[in-house]
Amino acid sequence: MIVAKRKPFDEIASAAAPYHRIMVVGCGTCVAVCLTGGEKETGILAAQLDIAAQMAGRDQIFETACVERQCDREFLDELAERSEGCDAMLSLACGAGIQFLAERYPRMPVLAGVDTTMIGVNSAVGVWDEKCRACRSCVLTMTGGYCPLALCPKGQINGPCGGARQGKCETDPERDCVWSLIWSRLEGSGRLENLSAIQEPRDHSIANLPLRQVHPAYQRRYSAHE
Amino acid sequence: MNRKYEPKIVALLCTYCTYTAADMAGSMRLQYPSNVRVVKLLCTGKVDVVYLLGAFRAGADAVMVSGCEIGDCHFLEGNLRAKERVEHAKTLLDELGLDARRLEMFHIGASDAPKWAAAVEQMTRRALELGPNPLGQASAAVERTGEELTR
């Protein structure tokens, strides 16, 4: 899932300072699961901002709303009526959700309350670890389910680099060398021959282009000729 | 009109331990400040950061959470969860500029009435030192807090 981290409070408070009535808008999907922007966190941030505003003598009103997903247009419509009279929206969704909210309500200043950090997994209660860089060209079949782009500081796809010591990375003795992990897993599952294959240089240029993905079942609907 | 500052303290208490201790303090005729407004919870594991901020938002001068002694929770680890949440709430108070000493977690067993009385005295002293909640809307609002919190 997408993991995000709430921005520093002062940054949020100063961005919100010019506005009188602000709607803090949470998202009930990824950012709710990573305890950053769900309904509860929306309430907490609104309470914090309200207390801070009162202490600073600012006349501000903080309302809260939490939609199922800010990255889905159908869920954004429900804010139309509720946001009437608001001067700004403060979104706690990931970067995609914030942009979509701003697109849906173009005349409303939309403020970002979080920094989107990664695609990761919930390793333990309150802990998330990055696992994927959304590189658009997955090598996990070959690498035993460990992503060298996300987990190797050098992004080596034909590793190891030679800098590992006792299975630890040379950049940080606390960090596992992912190529050591890949070796162990492939060995354990009888697939060491995977390491003989040379991975072609990656086309990093594609990562800089905004991507649009259309599900095969909908290709016809969205083709230019229809 | 200069009214003497009487701190209003919201106390979120676990029914199995500290609430029982507070009850016993009454039976024992222990004297302690009357500044505390008790909210009885089934377990301090029910305490949420939103409640804690909500109490300050409503004008409480201090908030205390008190659960079972470590290892004695009726629900095994509710008091440990409350402890983590109180710590987190303290960081949230710090970052918005409200002194985090206004919030404190205690662990008081059912038979420890004197410890409860001492905790209330401690928090009352602290609230007096820190002065009124700068939101300055205490009184009526905080009277309602207990009702709102348990709703």
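The sequence lines fix the lettering, A, B, ..., with proteins before strands; numbering per chain opens at 1.
Counting heavy atoms from C-beta outward, Met55(A) and Leu96(B) have side chains that approach closer than 4.5 Å. Side-chain contact check for Asp10(A) versus Glu95(B): every heavy-atom pair is 4.5 Å or farther apart.
Taking CD1 of Ile51(A) as the reference point, atom CZ of Arg57(B) lies at 7.0 Å (rounded to 0.5 Å). If you take CD1 on Ile44(A) and NE2 on His88(B), they are separated by 5.5 Å, rounding to the nearest 0.5 Å.
The number of heavy atoms from other shown groups lying within 6.0 Å of NZ (Lys115(B)) is above 12. Environment of CZ in Phe9(A): crowded, with over 12 heavy atoms of neighbouring residues, nucleotides or ligands closer than 6.0 Å. The environment of CH2 in Trp128(A) is crowded: more than 12 heavy-atom neighbours from other residues, nucleotides or ligands sit within 6.0 Å. In this structure, Glu6(B) places its CD atom where more than 12 heavy-atom neighbours from other residues, nucleotides or ligands lie under 6.0 Å away.
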